[in-house]
K.L.:
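Got a structure for you, written out below as structure tokens; questions coming shortly.
Proteins get letters first, then strands, A, B, ... in listed order; numbering begins at 1 in each. Remember, predicted model here, so these are calculated numbers, not experimental data.
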2 protein chains.
Amino acid sequence: MGRWEPGAGGRLREAALALFVERGFEQTMVADIAARAGVTARTFFRHYADKREVLFDGAAELQERALAALAAVPPGTGALDAVAAALDVVAELLGDDREFARRRQAVIMADTELRERELAKFAALSAALADALRQRGTDALEADIAAETGVAVHRVAYERWLAAGDGADADLRDVIHTALARLRALTAA
Amino acid sequence: MGRWEPGAGGRLREAALALFVERGFEQTMVADIAARAGVTARTFFRHYADKREVLFDGAAELQERALAALAAVPPGTGALDAVAAALDVVAELLGDDREFARRRQAVIMADTELRERELAKFAALSAALADALRQRGTDALEADIAAETGVAVHRVAYERWLAAGDGADADLRDVIHTALARLRALTAA
DNA sequence: AGTCTGATGTCACCTGATGACATCACTGGG
DNA sequence: CCCAGTGATGTCATCAGGTGACATCAGACT
């Protein structure tokens with residue numbers, strides 16, 4: 001199958017991230033990314049649906065793992081706890097390399113279009129979790145609320161984890177658990 | 001000030017919604033919208049930053065009113081209750097004309113780009129509410145969680161309200177209150 | 001009447017994105 | 001050892017979204 005230099009997709013991803021960090025998202029043209037990766041712009045769009053997607057192609061695998069984790073939760077577990085278990089797996093993957101995550105986040109936060117795409121990815125994860133909850137028998141409204149609020153708390157915690165000092169809050173999962181506890185306290189008030 | 005036919009912004013908005021309903025968002029070109037409104041494409045972009053924004057220009061006012069409502073909440077009120085009060089005002093405006101809301105929602109749900117933009121608008125509302133909460137003394141983490149989960153519940157309820165039969169769940173605010181009660185029950189479990 | 005102002009038209013141009021077709025390297029069969 | 005098939009890539013053409021620069025025209029103000 002391969003020819004020329006294999007691994008064009010990976011090279012494009014690295015080239016894109018590097019250029020986005022250097023000049024910013026808008027200032028980087030697809031032709032530049034492709035040139036740095038040693039391919040043409042047309043090839044870029046064969047690997048990624050659009051210019052933004054190059055920063056989000058890991059989301060599909062993340063979602064798969066989250067759904068697998070949710071499927072492994074024993075039946076009868078509360079909806080919110082089930083979502084929390086699924087997001088624990090996400091946190092494990094996401095929380096692996098804080099420095100990389102910070103660089104990526106800096107690029108995303110600096111551009112409106114990228115923030116929109118990130119929100120869409122989290123929304124897709126939430127919708128998938130809600131679907132899975134419904135399929136395991138959870139009431140539809142309860143499933144939606146558990147998934148949406150669970151993912152919302154996850155996002156808040158993720159941003160705090162990124163913003164925290166190098167020593168503090170080292171484990172993303174701990175930050176998420178703290179945030180979840182805060183939600184429980186809030187709603188109980 | 002105006003010359004030619006005044007009210008170009010409003011005409012463009014109506015023309016856009018009509019065309020989006022007829023052919024869909026992607027199939028509608030900015031030039032078509034402008035032509036139906038009796039202006040040129042260049043003028044469209046003077047009124048709306050991009051093609052999507054024509055469906056979301058009410059969001060700014062919505063956010064203002066929500067913040068005003070939040071400011072009117074007596075100090076000492078719990079963060080989640082304060083957010084709920086702000087979203088009640090949003091619901092009052094949003095829940096005015098269900099048929100219009102349904103047509104608009106059908107257009108938005110049919111297109112990925114539009115869904116992304118809608119998520120961004122809700123995220124902006126959430127961020128603004130969290131900011132306001134912090135300024136009235138709420139702890140930062142608590143403010144983020146209250147705003148994010150509050151808006152998340154609001155979104156879930158809004159979608160259910162749109163999907164409900166013509167007679168059922170007539171008042172959006174009731175649907176939201178039901179959903180909020182469900183969140184409290186979920187987190188208490 | 002003269003001038004100023006603001007919204008619009010006109011023109012040129014860039015970039016993201018896509019379709020159609022050619023091309024090249026590698027694969028597997030003969 | 002050659003050859004047809006396959007898939008990723010290059011090349012070319014084209015479209016739509018979006019923006020800057022400049023001209024223009026109607027009404028407001030003096």
K.L.:
Take the protein atom CZ of B/Phe44 and the nucleotide atom P of C/dG9, then report the distance between them rounded to whole Å.
P.N.:
14 Å
K.L.:
Remember a base hit wins even if backbone is also touched, and classify A/Ala41 as base, sugar-phosphate or nothing at under 4.0 Å, heavy atoms.
P.N.:
nothing
K.L.:
Among all residues two or more places apart in sequence or in another chain, which pass the ring pair (Phe, Tyr, Trp, His ring centres under 6.0 Å) test with B/Phe56?
P.N.:
none
K.L.:
Check whether any side-chain heavy atom of A/Phe20 lies under 4.5 Å from a side-chain heavy atom of A/Gln27, and answer yes or no.
P.N.:
no
K.L.:
I want to check a possible cation-pi pair here: A/Lys51 against A/Phe25, using under 6.0 Å from ring centre and within 45° of the ring axis as the test.
P.N.:
yes
K.L.:
B/Lys51 NZ to C/dG16 P: how many Å, rounded?
P.N.:
18 Å
K.L.:
Checking contacts here: which listed nucleotide (D/dG17, C/dT10, C/dA17) is nearest the side-chain heavy atoms of B/Phe45?
P.N.:
D/dG17
K.L.:
For residues 91-100 of chain B, which residue pairs pass the side-chain hydrogen bond (donor to acceptor under 3.5 Å, both in side chains) check, not counting sequence neighbours?
P.N.:
B/Glu99-B/Arg102
K.L.:
Is there a donor and acceptor pair closer than 3.5 Å between the side chain of A/Arg42 and the base of C/dG19?
P.N.:
yes
K.L.:
Indicate yes or no: does A/Glu113 engage B/Arg117 in a salt bridge with an N to O separation below 4.0 Å.
P.N.:
no
K.L.:
B/Tyr48 has an atom OH; how far is it from atom C1' of C/dA7, in whole Å?
P.N.:
15 Å
K.L.:
Near DNA chain D, which residues from residues 14-39 of chain A have a heavy atom under 4.0 Å away?
P.N.:
A/Gly38, A/Val39
K.L.:
Below 4.0 angstrom from OP1 or OP2 of C/dG9, is there any side-chain N or O of B/Thr43?
P.N.:
yes
K.L.:
Look at the aromatic rings of B/Tyr158 and B/His154 and report parallel, tilted or perpendicular, splitting at 30° and 60°.
P.N.:
parallel
K.L.:
Reckon B/His47 has a side-chain N or O less than 4.0 Å from the OP1 or OP2 of C/dA7?
P.N.:
no
K.L.:
Is there a donor on the side chain of B/Arg46 or the base of C/dG6 sitting less than 3.5 Å from an acceptor on the other?
P.N.:
no
K.L.:
Nearest-nucleotide wise, let me know which of A/Asp50 and B/Ala8 is further upstream toward the 5' end of DNA chain C.
P.N.:
B/Ala8
